[in-house]
> 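Okay, here's the structure, questions in a sec.
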Amino acid sequence: MSRIVRVGNVFIGQGYPVSIQSMTNTKTVDVDATVRQIRELAAAGCEIVRVAVADFESARAIRKIKEVLDLNVPIVADVHYDHRLAIEAIKNGADKVRINPGNIGQDWKVKELVEVAREYSVPIRVGANSGSLRKDFEQKYDRITALAESALYEVRLLEKFGFYDIVVSVKSTDVLETIKANEYVASKVDYPLHIGLTEAGVGETAIIKSAIAIGHLLLKGIGNTIRVSIAGDPIKEVIVARKILASIGLRKFGQVIACPTCARCEIDVEQIARSIEPIVEKTDLTVAVMGCVVNGIGEGRHADVGVAGTKNGAVIFKSGTIVKTVPREKIVEELIKLIEHTRSVPQ
Ligand code: SF4
């Protein structure tokens, strides 16, 4: 069981859906560019957006961003070291702040931040990354314990001032370290956990590492909000995050399943799957693209809608029952029609 933390209109914690986060890579002071990217992220399915706050101008830009943004997506201010920036961000509408009190310095500064966060009902995310462990903990503990204890140290600095509106994260670039450190933290505190890897890499490497670590933890009931870390366009992070959650059945997002193809294949499975994927992802349907009818209909019967190749084209089926036979050149068109019809008719 974890506590529940409210971030704007999104609740994180026990009983609430695992939420998807990402971070803008625009200059936060460039309000137009940042708003544009937040809109794109939200359209892709991002539910909480973090922006970097490197100076007072960036902190104040949060207010402008929220004024221009015609969406209710919570904004998290990412702050390092300077508690005054975190306070300024909160006063300018940040829905959550990410800052480590251990980096702030003196106690009075942490107290000042905590008082403002409490006044505005803004939670604080604290944690540790494998690249920023406390030196004394590195000497005292093994790497995993040092990572987890570094995060817990930050938690205690907030608790010291009676602040408990906390989200915790422990991230490593290493899959096993991330898993073990999160398990450790989950066994010690009941705050919601923000899970993901840090600096996971590019493309497939980042996707595979993230899917293993995040998937493993979520299947064990650990983790309440996720960020997939992929170098480059943050939209990819959101797409992958949705796929991870849908794959393990924690959220119902539209997904395309497709057979790997073999010598029996009668249609271009990959091309059809790629053509319909952007449409399917906007629904909550599972759509199967199968190369042949020999195994295709049976294996795809759990999908809401499916297609299986035949000598002359394909059969289109719904929950395992054939509803139409179509020629090769009409497969994608007819499949989309059935997807659109199925999504518009309550099941
Ligand atoms: Fe092969 Fe048909 Fe199975 Fe696809 S569905 S892998 S084409 S047998």
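This one's a predicted model, so the numbers in the text were calculated from it and none came from an experiment. Just so you know, residue 1 is the first one in the sequence shown, and it goes up from there. Order of appearance sets the numbers: ligands from 1, and atoms from 1 within every ligand. No hydrogens, no waters, no symmetry mates; every other heavy atom, side chains included, goes into these values.
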> May I ask you to list the atoms of ligand 1 that are less than 4.0 angstrom from any heavy atom of Cys265?
7 (S)
> Any cation-pi pair here, Arg134 with Tyr153, using under 6.0 Å and within 45°?
yes
> Between Tyr184 and Lys180, is there a cation-pi geometry (under 6.0 Å to ring centre, at most 45° from the normal)?
no
> Quick one: look up the protein heavy atom nearest atom 2 (Fe) of ligand 1 and list residue, atom name and how far away it is.
Cys292 SG, 2.3 Å
> In the protein, what heavy atom is nearest to atom 1 (Fe) of ligand 1, and what distance, to one decimal place, separates them?
Cys262 SG, 2.3 Å
> Can you find a side-chain donor-acceptor pair between Tyr191 and Glu159 that sits under 3.5 Å?
yes
> I'd like to know if Asp78 and Arg98 make a salt bridge, using a cut-off of under 4.0 Å between side-chain N and carboxylate O.
yes
> What atoms of ligand 1 come closer than 4.0 angstrom to any heavy atom of Cys259?
4 (Fe), 5 (S), 6 (S)
> For a quick check under 3.5 Å, do Glu177 and Ser172 share a side-chain donor-acceptor pair by atom type?
yes
> I'd like to know if Thr261 contacts ligand 1, where contact means a heavy-atom distance under 4.0 Å to any ligand atom.
yes
> Considering the heavy atoms of Gly291, write down every atom of ligand 1 situated less than 4.0 Å from one of them.
4 (Fe), 5 (S), 7 (S)
